[in-house]
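If you're wondering where the values come from, they're calculated on a predicted model, not measured in any experiment. All chains are named by letter (A, B, ...) in the order of the sequence lines, taking the proteins before the strands, and each is independently numbered beginning at 1.
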There are 2 protein chains.
Amino acid sequence: MTTAARRPATLDDVARAAGVSRSTASRVLAGNGFASSTARERVRTAVSLLGYVPNAAARALVHGSGVRLLVAVAGTGPAVLDDPYVDQAVAAVARACAPHGLGVAVQWVPVDAPERLTRLTDDRGVAGLVLLNTTTDLLDLVPRRLSGRTVSIGIGSATVPSVDIDNGGGTSAIVRHLYEAGRRRIAMVTGPRWLACANRSVRAYRRLLHDAGLPAREVVGDFSAARGHAAAREVLRRWPDTDAIVGISDATALGVIGRLRADGVRVPDDVAVTGFDDIPLAATVALTTASHPVRQIINTAATMVLEERAAPATTVFPSTLVLRESA
Amino acid sequence: MTTAARRPATLDDVARAAGVSRSTASRVLAGNGFASSTARERVRTAVSLLGYVPNAAARALVHGSGVRLLVAVAGTGPAVLDDPYVDQAVAAVARACAPHGLGVAVQWVPVDAPERLTRLTDDRGVAGLVLLNTTTDLLDLVPRRLSGRTVSIGIGSATVPSVDIDNGGGTSAIVRHLYEAGRRRIAMVTGPRWLACANRSVRAYRRLLHDAGLPAREVVGDFSAARGHAAAREVLRRWPDTDAIVGISDATALGVIGRLRADGVRVPDDVAVTGFDDIPLAATVALTTASHPVRQIINTAATMVLEERAAPATTVFPSTLVLRESA
DNA sequence: GATTGTGGTGGCAGCGCTCCCAGGTGTGTG
DNA sequence: CACACACCTGGGAGCGCTGCCACCACAATC
């Protein structure tokens with residue numbers, strides 16, 4: 001037990017140790033205002049000697065700036081938070097925040113009651129906002145206090161910047177690949193209708209089939225493996241001659257494959273299956289999918305919020321087709 | 001744009017609206033101290049009318065209590081944070097924190113320089129500590145300021161409470177199952193040596209093999225699918241007659257299966273494979289594994305930290321054998 | 001010698017909150 | 001009727017920090 005009952009040092013301690021006033025110490029640390037080189041030096045040594053770490057709460061209090069980022073996830077129920085994608089986003093944001101002395105919180109916002117966001121942002125503790133599964137409603141509810149401190153992962157607006165994936169392009173590439181591989185009866189397990197990014201995928205799918213003179217075969221899913229599992233059966237019940245199933249996500253595709261295999265349907269021989277995202281496990285089960293630099297996307301978002309260089313603009317990350325055995 | 005440039009309400013606003021003093025309003029909200037039922041009522045309506053949310057920073061400042069939980073993850077490099085398990089833990093803690101107005105931060109602590117933890121805990125902003133991949137060194141470095149506000153996920157100590165998985169029991173059940181299914185040449189892809197929970201699994205594996213008069217066949221892994229992938233080949237190179245491989249984690253097992261199948265080895269016919277944890281995808285690929293209520297475990301840990309009812313004791317969660325086709 | 005800088009410094013208010021304490025207003029008891 | 005003893009309330013200090021402002025010394029200028 002090397003740790004004494006030592007009280008973390010305050011700026012007063014530092015100032016005293018350096019033989020200057022608190023104001024001077026503060027000025028040195030802030031780096032603005034005047035300070036002689038000797039004062040600067042003495043304060044710096046005192047800081048490292050005492051292991052001084054500024055009190056984020058006090059700083060936030062005087063600046064009125066808040067003390068954590070809020071990851072707000074729109075969804076139909078609190079279960080949206082039970083999602084590895086959300087986990088990943090939260091963790092990535094947390095990692096980016098740590099050096100800034102900020103924390104992260106996650107909250108769910110009902111799709112059909114977006115105004116609940118206001119209750120969350122009324123908390124002065126919220127220093128910034130990361131929007132997930134963003135809807136246009138939500139974008140309009142971002143308070144002015146947090147503009148320039150908000151990034152949407154997905155769609156953006158004139159006031160809210162965003163980082164996004166080229167869902168349309170990715171899905172087009174997948175469907176085109178299936179078509180070129182000779183598949184003609186291509187079904188899709190979609191995402192929830194209210195979700196913009198899912199809709200872009202669905203629209204791309206429809207467009208391509210339409211242009212090829214083929215009918216669309218859609219079953220609504222929700223990104224989950226469990227739903228994919230159920231949806232696979234529904235697809236084959238409604239359109240037994242289906243020879244390819246496009247999953248809105250890798251999890252969906254994995255669920256689909258699980259069901260098909262269990263039902264004795266061969267993948268890809270009888271039915272080709274594709275995913276979307278290229279999660280680590282996709283490689284393991286040889287899933288054809290579209291790859292996105294998810295980590296990089298989330299980091300970009302987190303950085304934008306933290307650096308406050310969040311000019312209202314959309315950064316779109318490309319989608320790369322990854323060919324594996326499942327299609 | 002329904003949001004005016006409205007300044008979030010302060011306790012002063014509430015008090016003024018309710019026609020009482022700030023002290024009274026504070027007392028009502030804290031729920032301690034005296035307050036007439038009329039005062040109570042008026043304050044409450046004012047609160048909901050103004051949408052008042054207490055300022056966590058101010059509260060933390062006066063209490064000296066910090067404003068976020070720190071999830072400290074021990075590992076050999078910052079890459080430990082690139083782990084879905086960590087993501088899940090961070091996100092779960094974040095979810096548990098949100099209602100308390102707390103945020104979460106994650107930081108990595110080098111296994112061979114645990115004293116770095118001190119630098120992290122010197123930050124007054126840290127209200128509590130969740131230790132992951134805990135080592136005994138780390139446990140000794142928890143400052144007194146945070147005792148009762150610290151939970152270790154994994155091993156604990158006389159002063160630090162912990163929530164843990166019965167790794168030994170789970171692994172025993174798995175190995176026993178393999179043995180009873182007639183497997184006699186059972187290999188294991190282990191975890192890193194410095195990790196207590198991994199060692200418990202390894203010891204259980206050795207014990208059972210030893211008792212059965214069988215030799216251990218161990219290859220060191222690191223929980224990752226990629227390492228499992230490589231380790232599978234190493235196992236079969238060193239012990240070509242291996243008829244079962246025990247993975248330290250599901251990811252490891254999935255990597256192993258991927259490699260085996262790619263090499264034309266039939267699973268489970270030629271080699272049975274087992275995992276550990278029962279991640280969602282385990283069901284999809286029909287992996288025999290040991291199931292743990294991970295979510296519940298992490299929530300328990302988060303709750304313990306938040307409620308400060310963290311008496312130094314270890315809560316061990318059981319491990320349940322889940323039989324699927326892979327073994 | 002009086003003025004106007006200029007680089008450097010410390011005093012002090014105040015961010016929003018909690019909590020102690022002094023000071024009320026009622027009721028019950030000696 | 002005085003007193004104790006509830007219950008209830010507001011004043012005010014102070015948590016650690018920032019940033020404004022006043023101040024000081026010293027130099028350059030009129």
Side-chain angles (χ1 to χ4, degrees), chain A residues 6-44 46-47 50-68 100-102 122-127 145, chain B residues 6-44 46-47 50-68 100-102 122-127 145:
Chain A
R6 208 196 49 200
R7 172 185 62 88
T10 73
L11 190 57
D12 261 319
D13 300 330
V14 171
R16 212 171 305 121
V20 299
S21 77
R22 189 169 57 240
S23 316
T24 302
S26 171
R27 241 177 287 119
V28 170
L29 293 182
N32 54 27
F34 297 110
S36 61
S37 51
T38 42
R40 220 182 297 274
E41 172 100 9
R42 296 169 61 106
V43 169
R44 282 204 217 294
V47 163
L50 275 67
Y52 168 74
V53 183
N55 184 327
R59 203 171 256 186
L61 181 58
V62 53
H63 280 140
S65 57
V67 88
R68 65 183 178 277
H100 297 251
L102 288 171
D122 268 355
D123 188 335
R124 264 258 160 76
V126 174
R145 183 175 74 87
Chain B
R6 209 194 48 198
R7 176 184 60 87
T10 72
L11 190 56
D12 261 319
D13 299 331
V14 172
R16 212 171 305 124
V20 299
S21 77
R22 189 174 54 243
S23 318
T24 303
S26 171
R27 239 177 289 118
V28 170
L29 294 182
N32 55 26
F34 297 111
S36 62
S37 53
T38 43
R40 220 181 295 276
E41 172 99 9
R42 296 169 59 107
V43 169
R44 281 203 217 292
V47 163
L50 275 67
Y52 168 75
V53 183
N55 183 327
R59 204 171 256 186
L61 182 58
V62 52
H63 280 140
S65 56
V67 89
R68 65 181 179 278
H100 298 251
L102 287 172
D122 268 354
D123 187 335
R124 263 257 161 80
V126 174
R145 183 175 74 87

For the student: nearest non-hydrogen atoms of [X] and [Y], plus distance:
{"X": "A:A25", "Y": "A:A15", "answer": "CB-CB, 4.2 Å"}
{"X": "B:A127", "Y": "B:S65", "answer": "CB-O, 3.1 Å"}
{"X": "A:G101", "Y": "A:A56", "answer": "O-CB, 3.9 Å"}

Going by the rule side-chain hydrogen bond (donor to acceptor under 3.5 Å, both in side chains), which residues pair with B:R59 if we only count those two or more places apart in sequence or in a different chain?
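Partners of B:R59 by the side-chain hydrogen bond (donor to acceptor under 3.5 Å, both in side chains) criterion come out as none, since no residue qualifies.
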So do the side chains of [X] and [Y] get within less than 4.5 Å of each other, counting heavy atoms only?
{"X": "A:V14", "Y": "A:V43", "value": "yes"}
{"X": "B:E41", "Y": "B:T38", "value": "no"}
{"X": "A:D123", "Y": "A:R68", "value": "yes"}

For A:F34, is there any backbone N or O sitting under 3.5 Å from a side-chain donor or acceptor partner on A:R27?
yes
Please check if the side chain of A:R40 supplies one atom and the backbone of A:A35 the other of a donor-acceptor pair under 3.5 Å.
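Yes.
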At what distance, to the nearest 0.5 angstrom, does CG of B:L61 lie from CZ of B:R124?
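Between B:L61 CG and B:R124 CZ, I get 9.5 Å after rounding to 0.5 Å.
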For the atom pair CZ (A:R44) and OH (A:Y52), what is the distance rounded to the nearest 0.5 Å?
13.5 Å
side-chain contact (heavy atoms from CB on, under 4.5 Å) partners for A:S26, two or more places apart
A:L11
Any chance you could list the contact pattern along nucleotides 12-18 of chain C? Use B for base contacts, S for sugar-phosphate-only contacts and - for none, protein heavy atoms under 4.0 Å, 5' to 3'.
B-BBBBB
B:V20 or A:R27: which one's nearest nucleotide on DNA chain D is closer to the 5' end?
B:V20
Bend angle of the helix from C:dG1-D:dC30 to C:dG30-D:dC1 from five-pair axes at both ends, rounded to 10°?
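One end axis against the other gives 70°.
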What are the bounds, 5' to 3', of the part of DNA chain D that sits under 4.0 Å from heavy atoms of chain A?
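Footprint of chain A along DNA chain D, 5' to 3': D:dG16 to D:dG19.
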Proximity to DNA chain D (any heavy atom under 4.0 Å), residues of residues 34-42 of chain B only
B:F34, B:A35, B:S36, B:A39
